[in-house]
There are 2 protein chains.
Amino acid sequence: MNMKAFSELVGLSPYTLRYYEKMGLLNKVQRNTSGHRDYTNKDVDWINFVIRLKDTGMPLSNILDYAKLRALGSCTVEERQDLLEQHKENLKAHIELQLNHLKALEEKIFLYKQKKVS
Amino acid sequence: MNMKAFSELVGLSPYTLRYYEKMGLLNKVQRNTSGHRDYTNKDVDWINFVIRLKDTGMPLSNILDYAKLRALGSCTVEERQDLLEQHKENLKAHIELQLNHLKALEEKIFLYKQKKVS
DNA sequence: TTACAAGTTAGAGTTAACTCTAAGTCAACT
DNA sequence: AGTTGACTTAGAGTTAACTCTAACTTGTAA
């Protein structure tokens with residue numbers, strides 16, 4: 001799969017994909033005979049997981065930590081699991097907080113509806 | 001209330017508070033005789049609301065739009081209410097998305113626990 | 001009254017995450 | 001064979017949201 005197809009499939013611009021690769025988030029991407037990138041289905045799965053981590057607020061530097069452990073192979077499975085567990089807890093806390101914010105926002109809107117806000 | 005007390009109360013650094021004021025997010029802050037800022041309880045309420053909007057992902061530029069309407073007085077009540085309603089919907093969508101991400105993350109962790117991940 | 005902590009401003013510097021430019025090479029179609 | 005669009009790299013530029021520096025003034029406690 002070439003750059004364009006991969007880019008459209010995963011929803012990241014070619015600029016961003018090269019940037020991710022340069023910083024080490026996307027390793028050993030295959031090249032065809034003329035030096036152009038040739039992405040695989042495994043790359044699709046991996047980048048989608050990266051996007052999920054990013055969309056749940058994990059900074060790229062932390063995702064990179066995970067990626068480096070992954071590149072080291074199965075001896076890092078436990079450490080990676082710990083990172084994900086930790087991230088899961090952070091995410092749960094984030095969702096709780098956002099639910100509180102939502103409640104407060106609804107109360108504020110209620111005040112507007114009661115014309116109690118100038 | 002002076003800079004230090006206000007800063008500690010709302011949890012934003014003096015740098016950030018001056019920055020917010022400079023960009024128009026915090027208007028007509030009172031000054032004492034020697035030119036130092038003298039924050040009121042109304043300022044506390046307002047900045048806390050600003051922080052809530054920010055923490056729910058609203059960019060400062062949008063918060064500034066709301067702040068400008070607020071500064072125009074009661075003739076903008078309806079428009080402000082619309083903005084908040086819209087933001088509420090965005091927030092609900094965001095929470096839904098995060099709940100999906102959480103589920104996917106838990107499934108991934110489950111795979112780790114089953115030793116199905118290398 | 002002498003420190004020293006806290007306040008002021010304008011403007012420069014930082015960080016994360018892109019996003020683009022320049023200068024070229026490669027691929028596909030007519 | 002020529003045009004057009006996609007690809008390559010290194011490195012520069014952008015944006016949001018701070019964060020700090022310099023140079024100075026004010027407030028408080030010993």
Side-chain angles (χ1 to χ4, degrees), chain A residues 1-40 43-44 46-68 87 90 94 97 101, chain B residues 1-40 43-44 46-68 87 90 94 97 101:
Chain A
M1 188 185 328
N2 66 10
M3 182 78 262
K4 183 132 191 278
F6 186 67
S7 165
E8 282 166 4
L9 185 59
V10 304
L12 295 177
S13 75
Y15 295 142
T16 303
L17 288 169
R18 289 190 206 99
Y19 168 68
Y20 280 10
E21 188 176 337
K22 215 184 311 188
M23 73 182 283
L25 226 44
L26 205 53
N27 256 340
K28 49 189 167 57
V29 176
Q30 282 180 23
R31 301 293 181 121
N32 64 20
T33 45
S34 53
H36 291 191
R37 287 171 184 82
D38 185 19
Y39 295 99
T40 66
D43 292 327
V44 175
W46 166 243
I47 206 72
N48 277 331
F49 185 60
V50 166
I51 291 169
R52 192 186 295 289
L53 291 178
K54 184 176 79 80
D55 286 354
T56 47
M58 190 184 282
L60 294 184
S61 57
N62 289 21
I63 302 178
L64 184 56
D65 291 342
Y66 180 91
K68 280 176 181 163
H87 184 55
N90 293 347
H94 170 77
L97 196 58
H101 283 318
Chain B
M1 190 184 328
N2 66 11
M3 181 79 263
K4 183 133 191 276
F6 186 68
S7 167
E8 283 166 2
L9 186 58
V10 305
L12 295 177
S13 74
Y15 295 142
T16 303
L17 288 170
R18 289 191 206 99
Y19 168 67
Y20 280 10
E21 188 176 336
K22 215 185 312 190
M23 74 181 283
L25 226 44
L26 204 54
N27 256 342
K28 49 188 170 51
V29 175
Q30 283 181 24
R31 301 293 180 123
N32 64 19
T33 44
S34 52
H36 291 191
R37 288 171 183 81
D38 185 19
Y39 295 99
T40 66
D43 293 327
V44 175
W46 167 243
I47 206 73
N48 276 331
F49 186 59
V50 167
I51 291 169
R52 193 186 297 286
L53 292 178
K54 184 175 78 80
D55 286 354
T56 47
M58 189 183 282
L60 294 184
S61 57
N62 289 22
I63 302 177
L64 185 56
D65 292 341
Y66 181 92
K68 279 176 181 163
H87 184 56
N90 293 347
H94 169 77
L97 195 58
H101 283 318

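Values below: all heavy atoms of this structure, side chains included; hydrogens, waters and symmetry mates excluded.
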Between NZ of B:Lys54 and P of D:dA17 the distance, given in whole Å, is 9 Å
Checklist entry - Would you call A:Leu9 and A:Val44 a side-chain contact if the rule is heavy atoms closer than 4.5 Å? => result yes
One should read off an interatomic distance between A:Asp43 CG and A:Lys28 NZ, to the nearest 0.5 angstrom, of 8.0 Å
A:Met1 CE to C:dA27 C1', in whole Å, measures 18 Å
Atom CG of A:Leu53 and atom P of C:dA17 are separated, to the nearest Å, by 13 Å
Taken to the nearest 0.5 Å, the spacing of B:Arg31 CZ from B:Arg37 CZ works out to 4.0 Å
Expected list for residues 7-23 of chain A near DNA chain C, using heavy atoms below 4.0 Å, is A:Tyr15, A:Thr16, A:Tyr19, A:Tyr20
Are any non-hydrogen side-chain atoms of B:Leu60 and B:Tyr19 less than 4.5 angstrom apart? yes
To the nearest angstrom, the CG-P distance between B:Leu64 and D:dC18 comes to 13 Å
A:Met3 CE to C:dA28 P, in whole Å, measures 17 Å
Considering only heavy atoms from C-beta outward, does the side chain of A:Ile47 approach that of A:Tyr20 to under 4.5 Å?
yes
- Message: For a 4.5 angstrom cut-off between non-hydrogen side-chain atoms, does B:Thr40 reach B:Gln30?
- Response: yes
Whole-Å distance, B:Ile63 CD1 to D:dA16 P, equals 13 Å
- Task: Would you please classify the geometry between the B:His94 ring and the A:His94 ring as parallel, tilted or perpendicular, with 30° and 60° separating the classes?
- Result: perpendicular
Worksheet item: Is the closest side-chain heavy-atom distance between B:Trp46 and B:Val50 below 4.5 Å?
Response: yes
Original post:
With a 4.5 Å limit on heavy-atom distance, are the side chains of B:Leu17 and B:Val10 in contact?
Top reply: yes
Rounded to whole Å, CG of B:Leu60 lies from P of D:dT19 at a distance of 12 Å
note: B:Asp55, atom CG; D:dA16, atom P; distance rounded to Å ~ 19 Å
Under a 4.0 Å heavy-atom cutoff, the residues of residues 30-40 of chain A touching DNA chain D are A:Arg31, A:Gly35, A:His36, A:Arg37
